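Just so it is clear: chains get the letters A, B, ... in the order the sequence lines come, proteins before strands, and each one is counted from 1. Values reported hereafter were calculated over all heavy atoms of this structure, with side chains retained and with hydrogens, waters and symmetry mates removed. These figures come from a predicted structure and were not determined experimentally.
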Amino acid sequence: MKNIIKSVKGTRDFYPEEMAKRQWLIEKIRETSQLFGYEAYDGPCLETIELYAAKSGEELVKEQAFVFPDRSGELIALRPELTPTLARMVAAQQNALTFPLRWWSFGPFWRYERPQKGRSREFFQWNIDLIGVEGVEADAELIAVAATFFRNLGLRPDQVQILVNNRKLMEAELNRIGISAELRPAVLRLIDRIDKQPAEVWDENVLRLGLLPDQLSSLKALLANKDLWQQSEELQALFKQLEALGVAEFVSYDPKIIRGLDYYTGTVFEAHDMTGEFRAILGGGHYANLVEDVGGKPLPGVGFAMGDVVIMLLLEALGLIPEQKSASKAVLVTVFDEATQAIAMRTAARLRDEGVQVILYPEADKLSKQLKYADRLGARLALFIGPDEVAENTVVIKDLATHQQESVPMQALVERVKNLLA
RNA sequence: GUGCCUGUAGCUCAAUGGCAGAGCGCCUCACUGUGGAUGAGGAGGUUGAGGGUUCGAAACCCUUCAGGCACCCCA
């Protein structure tokens, strides 16, 4: 163990067991995305640092991106998020694309952060965006995508909720309290983390920004008001549409949802597990303007991103990840001895020609060992072709789950195996 | 990047300054044509790494690496 070279901090190895789970998750993401008519796309994992300089705030690039010079000296970043790439791609083809645009993507991202549970330096992220729609209908659709995804995974509304708020509403309400436009961004940032700080500390921080004590109490009343959404026409319309889309049970209003990214201008939302044990599962919102910073004409849209880590921790905790055995449809062909090895190989080849997944034991060995191997891999059937079978021109098929076995004529093998696997 | 906690066999953990152990898992055999059970054997550790204190360190001290918790930030 001592001489094994260590992996890079914050990265994960995906052994077959974990890889199978990752593939399962991707499949669920693909199903849901396609169900709503979204098309898959991807960009490069490497981008020039200028792409991020304009967008996504300095913090993300300066402090959280992996940045390095290439051999010519140009600064390259491992992508910490996809939105700037999306903006660039859309801007480059802006006059050729058909809007509204429905695109989704799943791929690796990197952020140079301190790893913790639910947060690694290399992670996978589902990004999905609807671009070219101004109205709140687009917001409703994306929230419906998220809710449908949860439903498809077997998650219930009492286990996970999508919490929604609206930036315009919050701006208006802060204005009403008398908080100046210059102070609002800082106040919003504090609202975003109200649940993370002790109440007294939070109060202190708010007052330190320059708010008056009665503004503080107004603010706290605001954040406790679960009916605040009724002050927003957009949110009223949104909830009505979510009802019509059949996903309202997964959504609730929360005035504390702000989102860190500056480019959100309307609806913002975050999905959380109801025990509060994990970090946010996904987050997104409405942006007025996706491509302006990279040189395109203004385009509104809405999108969200979901990392692979938290959702899998949650699903694992709830026991919602089905057992993934890659060999669950496989037939293991045993090799009795050297004399029968060739016929075992021929039989394996015949089955493979018919599209049956066949694992051929690589050498003659004790049958107990071969069966144990089949068992470990989770194979469905095992075949025995020993001297007796060769003499009779038969094969013994054993169902490893039921322990039942039968002898069939060699000619009937393929059909019988297919029946048993069906 | 800051503070705190934790690193002992593949996994979960004992051993609190005196010979590094258990359970599970793994391998072999009982089982010369049959897997999950049972029994008997066996392999596997420079106690994360490096240094220091000590007659003696898994344990105490320093450094470092990794993970976890909080901050920061966010998926």
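Closest to the side chain of A:Lys366, out of B:C4, B:U32, B:C73, is B:U32. Minimum atom distance to the side chain of A:Gln125 is reached by B:A75, of the listed B:G35, B:A75, B:U34. Listed nucleotides B:A75, B:G35, B:G3 differ in distance to A:Leu400; the shortest reach to its side chain belongs to B:G35. Residue A:Lys372 places its side chain closer to B:G35 than to any other of B:C69, B:G35, B:C73. You'll find that the side chain of A:Val396 is closest to B:U34, out of B:A75, B:C69, B:U34. Distance from the side chain of A:Lys398 is smallest for B:G35 among the nucleotides B:C73, B:C4, B:G35. Distances from the side chain of A:Arg376 to the nucleotides B:A75, B:U34, B:C26 place B:C26 closest. The side chain of A:Lys117 lies closest to B:C69 when the candidates are B:C69, B:C73, B:U34. Considering only the side chain of A:Arg193, B:C72 comes nearest among B:G35, B:C72, B:G1.
A sub-4.0 Å separation between OP1 or OP2 of B:U28 and a side-chain N or O of A:Lys369 is present. Look at A:Arg259 and you'll find a side-chain N or O under 4.0 angstrom from OP1 or OP2 of B:A75.
A:Asp388 comes within 4.0 angstrom of a nucleotide base, judged by non-hydrogen atoms across all strands. Within the 4.0 angstrom heavy-atom criterion, base atoms lie near A:Phe384. Among the protein residues, A:Leu282 comes within range of the sugar-phosphate backbone only, with heavy atoms under 4.0 Å from sugar or phosphate atoms but none that close to a base. Among the heavy atoms of the strands, none lies under 4.0 Å from A:Ile311. A:Glu389 comes within contact range of at least one nucleobase, with a heavy-atom separation under 4.0 Å.
Atom name P, nucleotides B:A22 and B:C4: the rounded distance is 37 Å, in whole Å.
Between A:Gln404 and A:Gln116, the residue whose closest nucleotide on RNA chain B is further toward the 5' end is A:Gln404.
Of the nucleotides present, none pairs with B:A9 by Watson-Crick or G-U wobble criteria with both distances under 3.5 Å. Remark: B:U16 base-pairs with no nucleotide; criterion is Watson-Crick or G-U wobble with both hydrogen-bond distances under 3.5 Å. Summarising the base pairing, B:G1 is matched to B:C71 through a Watson-Crick or G-U wobble pair whose two defining distances lie under 3.5 Å.
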Tabulate protein N/O versus nucleotide N/O from nucleotides 63-66 of chain B, keeping only pairs under 3.5 Å, one per line.
{"unit_1": "B:C65", "atom_1": "O2'", "unit_2": "A:Lys6", "atom_2": "NZ", "d": "2.8"}
{"unit_1": "B:A66", "atom_1": "OP2", "unit_2": "A:Lys9", "atom_2": "NZ", "d": "3.4"}

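The environment of A:Glu74 atom CD is dense: over 12 non-hydrogen atoms of other residues, nucleotides or ligands sit within 6.0 angstrom.
With hydrogens and angles ignored, no donor-acceptor pair closer than 3.5 Å exists between the side chain of A:Gln370 and the base of B:U34. One donor-acceptor pair, N or O on each side, does fall under 3.5 Å between the base of B:C73 and the side chain of A:Arg119. Between the side chain of A:Glu270 and the base of B:A75 there is no donor-acceptor pair of N/O atoms closer than 3.5 Å.
Looking at A:Tyr263 and A:Asn289, their side chains never bring a donor and an acceptor atom within 3.5 Å of each other.
Between A:Tyr361 and A:Tyr373, the ring centre distance stays below 6.0 Å.
A:Glu171 and A:Arg167 are not joined by a salt bridge, as no carboxylate oxygen comes within less than 4.0 angstrom of a charged side-chain nitrogen.
Here A:Phe336 does not pack flat against the base of B:G33, since the 5.5 angstrom centre distance and 30 degree tilt limits are not both met.
Between A:Asn205 and the choices A:Leu209, A:Leu207, A:Asp203, A:Val201, the side chain to side chain contact (heavy atoms under 4.5 Å, CB included) rule is met once, by A:Val201.
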